[in-house]
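Step one of this worksheet: look at the structure below.
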Amino acid sequence: MMRQQSGPAYRGRNGGAFKAMGIAAVAIACFYMMTVWHGKTGAAALHVGATAAIMMDAGTGEVLFEKNADVALPPASMSKMMTELIVLELVNEGKLEWNEPVTTSRYAAGVPGSQVGFNAGESFTVRELFEALTVHSANDAAVAIAEHAAGSEPEFVKLMNSRADRIGMSEQALFANATGLNRNDLTAFAESASDGDTMLTASDVALLAGHLLNKYPEVLEVSSRSSIKLASSGHRLASTNLMLEDMPFAYPGNDGLKTGYTPEAGYCFTGTAKQDGRRLITVVMGSATSESRFEETQKLFKFGFHDKSGGLLATVQNSLGLMGETIISIGR
């Protein structure tokens, strides 16, 4: 709820009269600029070629663009951000150690999709597997670390859904496995969590990304790498994020965050970039091609960073010469 503060809204010699005029001017300007900004030149004029999308300011939580953002869809490997979050929490709680060895299972070695490519019975550290699932979106690494952390993937899924509730994700949010794969890809493995499919809204994904970055910003030290080298095997794994520096769709300030693809989900991408101290988070779900998810994200970033004011209210205040004045208090 928006409430007028008890202090002066506009400082001037005529006191109350100027205060009333200031508030009226802001109200009129807000209405006018909202019509123009969101209509002709703003988000309403932005076409994003995806089933669903959202863009938010990571610092303020302001949603700058949304399209079908509250429709539950399969997120594919973007759901691995929850796997990353739980691993980081367990490490910070002392329940896991980065150099702790993990022995890979038959299920982990056989899970389809993007992989490290190990066999059952091999050993990797928690850090190696975390970096592989974060940078290369390796499904085998995600399963191996989930089984190690919780005893089995179904038990790890319980942690995922419990954490989703604590973050405040929507009632539609459901995590079904550690990878984001479709359950039909997992039914051949008795050890797998294959009772359902992961479903998230674009708003859910953005909320998850924002929480991950806010609580564990060090994840960007990993997600910003164009590749990683596994010490145990010497294998080098390339990043799936083609918007990093020197990549085909490089965008200034991009340092993450997570790609995803299944035939059911289409091509997905959660992106983040920081320019001039301002960080944006974007989510694109259901793009038609691998390239288009990055092209649509570029489009969102260009729109988001083009508005240097930081939001509609700041634009109005600036136009009225009221920057630095507290006009309206939004919540507490």
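Being a predicted model, the structure only gives us computed values, none of them experimental.
- Between Ile281 and the choices Leu213, Leu257, Leu300, the side chain to side chain contact (heavy atoms under 4.5 Å, CB included) rule is met once, by Leu213.
- Under a 3.5 Å cut-off, the side chain of Lys299 and the backbone N or O of His47 do form a donor-acceptor pair.
- Sorted by first and then second residue, the pairs that involve residues 178-224 and meet ring-ring contact (aromatic ring centres under 6.0 Å, His included), not counting sequence neighbours, are Tyr107-Phe189.
- A donor-acceptor distance shorter than 3.5 angstrom exists from the side chain of Thr201 to the backbone of Asp204, with no hydrogens or angles considered.
- Linking ILVMFWY residues whenever their side-chain heavy atoms come closer than 4.5 Å, directly or via other members, leaves Leu174 and Leu85 in distinct clusters.
- Taken from CZ in Phe249 to CD in Glu295, the straight-line distance is 5.0 Å, to the nearest 0.5 Å.
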Phe118 vs Phe124, test: ring-ring contact (aromatic ring centres under 6.0 Å, His included). Steps then yes/no. CA-CA 10 Å; Phe118 52 66; Phe124 296 87; 5.4 Å; yes

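- For the pair Thr134 (side chain) and Phe130 (backbone), a donor-acceptor distance under 3.5 Å is present.
- Side chain of Glu122 to main chain of Asn119: a donor-acceptor pair is present (N/O by atom type, distance under 3.5 Å, no hydrogens or angles).
- Hydrophobic cluster of Tyr261: the remaining members, joined at side-chain heavy-atom separations below 4.5 Å, are Tyr267, listed by chain and number.
- Across all non-hydrogen atoms, the minimal contact from Ala288 to Ser292 is N-OG, 3.5 Å.
- Other residues, nucleotides and ligands contribute at most 12 non-hydrogen atoms within 6.0 Å of the CD atom of Glu171.
- A donor-acceptor contact under 3.5 angstrom links the side chains of Glu147 and Ser105, judged on distance only.
- The backbone N or O of Pro101 lies less than 3.5 Å from no partner atom in the side chain of Ser123, so there is not a single donor-acceptor pair.
- Side-chain polar atoms of Asn241 and Asp255 form no donor-acceptor pair below 3.5 angstrom.
- A donor-acceptor pair is defined here as one N or O able to donate and one able to accept, closer than 3.5 Å; such a pair exists between the side chain of Lys67 and the backbone of Ala50.
- Under the 4.5 Å side-chain heavy-atom criterion for grouping Ile, Leu, Val, Met, Phe, Trp and Tyr, Met199 is not connected to Phe175 through any hydrophobic cluster.
- Looking at Leu220 and Arg279, their side chains come closer than 4.5 Å, going by heavy atoms from C-beta outward.
- Listed here is the closest heavy atom pair of Gln275 and Tyr251: NE2-CE2, 3.2 Å.
- No path of Ile, Leu, Val, Met, Phe, Trp and Tyr side chains, each step under 4.5 Å between heavy atoms, connects Val102 with Val143, placing them in separate hydrophobic clusters.
- Ring geometry, Phe294 versus Phe269: the interplanar angle exceeds 60°, so the pair is classed perpendicular (tilted spans 30 to 60°).
- For Asn68 (side chain) and Thr51 (main-chain N/O), a donor-acceptor pair under 3.5 Å exists by modelled atom type.
- In this structure the side chain of His235 never reaches within 4.5 angstrom of the side chain of Glu128, judged on heavy atoms.
- The hydrophobic clustering, which links ILVMFWY residues whose side-chain heavy atoms are closer than 4.5 Å, places Val126 and Val219 together.
- Counting only distance, with no hydrogens or angles, the side chain of Asp57 and the backbone of Leu280 share no donor-acceptor pair below 3.5 Å.
- Without hydrogens or angle criteria, Asn139 side chain to Val111 main chain gives no donor-acceptor distance under 3.5 Å.
- Scanning all heavy atoms of the two residues, the minimum distance from Phe305 to Arg278 falls at CE2-O, 3.4 Å.
- Nearest heavy-atom pair across Ala76 and Gly260 is CB-C, 3.7 Å.
- Side chains of Ser77 and Ser137: a donor-acceptor N/O pair is present below 3.5 angstrom, by distance only.
- With respect to Ser192, the side chain to side chain contact (heavy atoms under 4.5 Å, CB included) criterion is satisfied by exactly one of Leu181, Asp185, Leu186: Leu186.
- Under 3.5 Å, the side chains of Arg293 and Thr259 contain no donor-acceptor pair of N or O atoms.
- In terms of heavy-atom proximity, Thr104 sits nearest to Ala144 at CG2-CB, 4.4 Å.
- For the 3.5 Å distance criterion, the side chains of Asn177 and Thr179 qualify, holding a donor opposite an acceptor.
- A side-chain N or O of His148 and one of Glu100 form a donor-acceptor pair less than 3.5 Å apart.
- Using a 3.5 Å distance cut-off with no hydrogens or angles, the side chains of Lys258 and Ser223 do not pair a donor with an acceptor.
- For the residue pair Glu66 / Ser203, no side-chain donor-acceptor distance below 3.5 Å is found, with atom types taken as modelled.
- In this structure, the side chain of His136 engages the main chain of Ala238 through a donor-acceptor pair within 3.5 Å.
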Pair Glu89-Lys95, salt bridge (charged side-chain N to carboxylate O under 4.0 Å, His left out): steps then yes or no: CA-CA 9 Å; Glu89 288 185 338; Lys95 297 177 181 178; over 6 Å; no

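- The two residues Ala142 and Ala178 make their nearest non-hydrogen contact at CB-O, 3.8 Å.
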